[in-house]
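Keep in mind that what you see is a predicted model, and the values were worked out from it rather than measured. Along the sequence shown, residues carry numbers from 1.
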Amino acid sequence: MTSRIRLKMIAAAVLVCALPAVPAMAQTPAKPKVALVMKSLANEFFLTMENGAKAHQKANAAKYDLLSNGIKDETDTSSQIKLVEQMIVSRVNALVIAPADSKALVPVLKKAIDAGIIVVNIDNKLDAGALKEKGITVPFVGPDNRKGAKVVGDYLAQQIKKGDPVGIIEGVSTTYNAQQRTLGFQDAMTAAGAKVVSVQSGQWEIAPANTVAAAMLNANPNIKALLCGNDNMAIGAVSAIKAAGKTGKVLVVGYDNINAIKPMLADGRVLATADQFGSQQAVFGIDTVLKALAQKKKQADLGGVIETKVELVAKGAKS
């Protein structure tokens, strides 16, 4: 090595040592990742829910990132469990879930909580006994389904007589919101003196509800109304009534106020439904987890019910 090169290297070293120390750049905390896991995206209600959540995230892009997923049909509980497991692996900070089953999702949600994920329950309330068994608390953000269904049932009661036979087509029977809506319908029918001659599951979907409704109409020729736990099942019931030649003779009510039901409300094929503001259901849950994360709350600090609104929708009452 020549003396000239050696001198340049020494000079460079001295210059580096003489430079003031530059502080490391402060690390900006990453935006929280919020996962939204829903039931069937083939159901317009949950698609509306997802769209509402995406619009909220877009308007609050600086605050959080959103991962949204859903299953193919309302009874595919195993696939929903796998989605939650994927979110655990993805290390999301929070999880908002509309569980397909009130009990079956609790064990995997316990895993999520143990992994440090904040969990909030929307749409279908998790089973209190199953939560207690696992030693966890999960807040429920959503409407009172029994109260909402009773409002719809009370409206129907104005159109029927004491002693009239009616049928109830409920959602997946193991889900809390299906059970609560059925109870709400029964509350209204008991108060009206109507006779509930059949309660069967239409699995929240059009085709199964159509089959159930057809069987009810065949077994009970004098049935005056079908009370359906969601609008998809109401659509199936309307088709069965038409096929039986009883359009205008059997009343139908639903729940959810999806777009597809609105023409049927307008022409009277469906008497009434309940609006639980589907586009905001997930947003209510997201707001809850973001607040918990901002306040650095633990899952054990959360719990209880945050009730959201539900309104009757009927021709002449609301468009």
Worksheet item: So Gln276 and Asp256, side-chain hydrogen bond (donor to acceptor under 3.5 Å, both in side chains) or not? Walk me through it.
Response: CA-CA 6 Å; Gln276 56 175 333; Asp256 281 344; 2.8 Å; yes
Worksheet entry | Audit row: Asn43, Asn230, side-chain contact (heavy atoms from CB on, under 4.5 Å) steps and yes/no | CA-CA 10 Å; Asn43 182 335; Asn230 76 352; 3.7 Å; yes
Discussion item. Working note: Val166 + Phe185, criterion side-chain contact (heavy atoms from CB on, under 4.5 Å); need CA distance, chi angles, decisive distance, verdict.
Written reply: CA-CA 10 Å; Val166 302; Phe185 287 150; over 6 Å; no
Worksheet entry | Criterion side-chain contact (heavy atoms from CB on, under 4.5 Å) on Val238 and Val270, from CA distance to verdict | CA-CA 8 Å; Val238 166; Val270 172; 3.7 Å; yes
Worksheet item: So Thr273 and Ile258, side-chain contact (heavy atoms from CB on, under 4.5 Å) or not? Walk me through it.
Response: CA-CA 9 Å; Thr273 186; Ile258 62 175; over 6 Å; no
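More than 12 heavy atoms of other residues, nucleotides or ligands shown are found within 6.0 angstrom of NZ on Lys33. Within 6.0 Å of NZ in Lys132 there are 12 or fewer heavy atoms belonging to other residues, nucleotides or ligands. Within 6.0 Å of CD in Glu85 there are more than 12 heavy atoms belonging to other residues, nucleotides or ligands.
A side-chain donor-acceptor contact under 3.5 Å links Lys246 to the backbone of Pro221. Between the side chain of Glu74 and the backbone N or O of Ala100, no donor-acceptor pair lies under 3.5 Å. For Asn124 (side chain) and Tyr176 (main-chain N/O), a donor-acceptor pair under 3.5 Å exists by modelled atom type. Judged by distance alone, the side chain of Glu205 and the main-chain N or O of Asn232 form no donor-acceptor pair under 3.5 Å. In terms of modelled atom types and a separation under 3.5 Å, the side chain of Thr175 and the main chain of Ser102 share no donor-acceptor contact. Side chain of Ser90 to backbone of Val92: no donor-acceptor contact under 3.5 angstrom is found. Between the Asp231 side chain and the Asn257 main chain, a donor and an acceptor come within less than 3.5 Å of each other. Side-chain atoms of Asn220 never come within 3.5 Å of backbone atoms of Ile223 as a donor-acceptor pair (strictly under, hydrogens ignored). Checked by atom type and distance alone, the side chain of Glu50 never pairs as donor or acceptor with a backbone atom of Leu41 at under 3.5 Å. At distances below 3.5 Å, at least one donor-acceptor pair connects side-chain atoms of Asn210 with backbone N or O atoms of Gly236.
Asp101 and Thr77 share no side-chain donor-acceptor pair at under 3.5 Å. Side-chain polar atoms of Ser279 and Asn51 form no donor-acceptor pair below 3.5 angstrom.
Screening Ile97, Val119, Val37 for a side chain to side chain contact (heavy atoms under 4.5 Å, CB included) with Leu105, the sole residue that qualifies is Ile97. The salt bridge (charged side-chain N to carboxylate O under 4.0 Å, His left out) test with Asp65 is passed by exactly one of Lys54, Lys31, Lys58: Lys31. Considering Val305, Asn121, Ile122, Ile286 as possible partners of Val141, the one that fulfils the side chain to side chain contact (heavy atoms under 4.5 Å, CB included) test is Ile122. Screening Lys150, Lys147, Arg181, Arg146 for a salt bridge (charged side-chain N to carboxylate O under 4.0 Å, His left out) with Asp187, the sole residue that qualifies is Arg146.
Taking CD1 of Ile261 as the reference point, atom CZ of Arg269 lies at 8.5 Å (rounded to 0.5 Å). The CG atom of Asp301 sits 8.5 Å away from atom NZ of Lys298, with the distance rounded to the nearest 0.5 Å. Rounding to the nearest 0.5 Å gives a distance of 11.5 Å between CD1 of Ile168 and CD of Gln200. Interatomic distance, NZ of Lys72 versus OG of Ser40, reported as 10.5 Å (0.5 Å rounding). Residue Leu271 holds its CG atom at 12.0 Å from CG of Leu226, rounded to the nearest 0.5 Å. Taking CZ from Arg91 and CD1 from Ile117, the interatomic distance works out to 10.5 Å, rounded to the nearest 0.5 Å.
By the 4.5 Å heavy-atom criterion applied to side chains, Leu95 and Leu109 are counted as neighbours. Counting heavy atoms from C-beta outward, Val283 and Phe277 have side chains that stay 4.5 Å or more apart. For the pair Asn93 and Tyr64, the minimum side-chain heavy-atom distance is 4.5 Å or more. Annotation: side chain of Met87 is in contact with side chain of Asn69 (closest heavy-atom distance under 4.5 Å). Side-chain contact between Val138 and Gln299: present, with at least one pair of heavy atoms (C-beta onward) separated by less than 4.5 Å. No side-chain heavy atom of Lys103 sits less than 4.5 Å from a side-chain heavy atom of Thr174. For the pair Cys228/Val252, a side-chain contact is recorded, criterion being any heavy-atom separation below 4.5 Å from C-beta on. Val106 is not listed as a side-chain neighbour of Glu133, based on a closest heavy-atom distance of 4.5 Å or more.
Clustering ILVMFWY residues whenever any of their side-chain heavy atoms sit less than 4.5 angstrom apart, transitively, puts Ile160 in the very cluster that holds Leu312. Residue Phe46 is not grouped with residue Leu126 when hydrophobic side chains (ILVMFWY) are merged at heavy-atom distances under 4.5 angstrom, including chains of intermediate members. By the criterion of side-chain heavy atoms lying less than 4.5 angstrom apart, applied directly or through intervening Ile, Leu, Val, Met, Phe, Trp or Tyr residues, Val196 is grouped together with Leu156 in one hydrophobic cluster. A continuous path of hydrophobic side-chain contacts links Met189 to Val151 [ILVMFWY only; heavy atoms under 4.5 Å]. The hydrophobic cluster containing Val96 does not contain Ile88, counting ILVMFWY residues as joined when their side-chain heavy atoms lie under 4.5 angstrom apart, directly or transitively.
Pairing each heavy atom of Ile136 with each of Ile113, the nearest pair is CD1-CD1, 3.8 Å. When every heavy atom of Val310 is checked against every heavy atom of Ala274, the shortest pair comes out as CG2-CB, 3.9 Å. The two residues Gln281 and Gly142 have their closest heavy-atom pair at OE1-CA, 4.1 Å. Across all non-hydrogen atoms, the minimal contact from Lys134 to Lys110 is O-CE, 3.1 Å. Shortest non-hydrogen contact noted between Ala178 and Glu170 is O-OE1, 3.9 Å. Here the shortest heavy-atom pairing between Leu290 and Pro32 reads CD2-CG, 4.3 Å.
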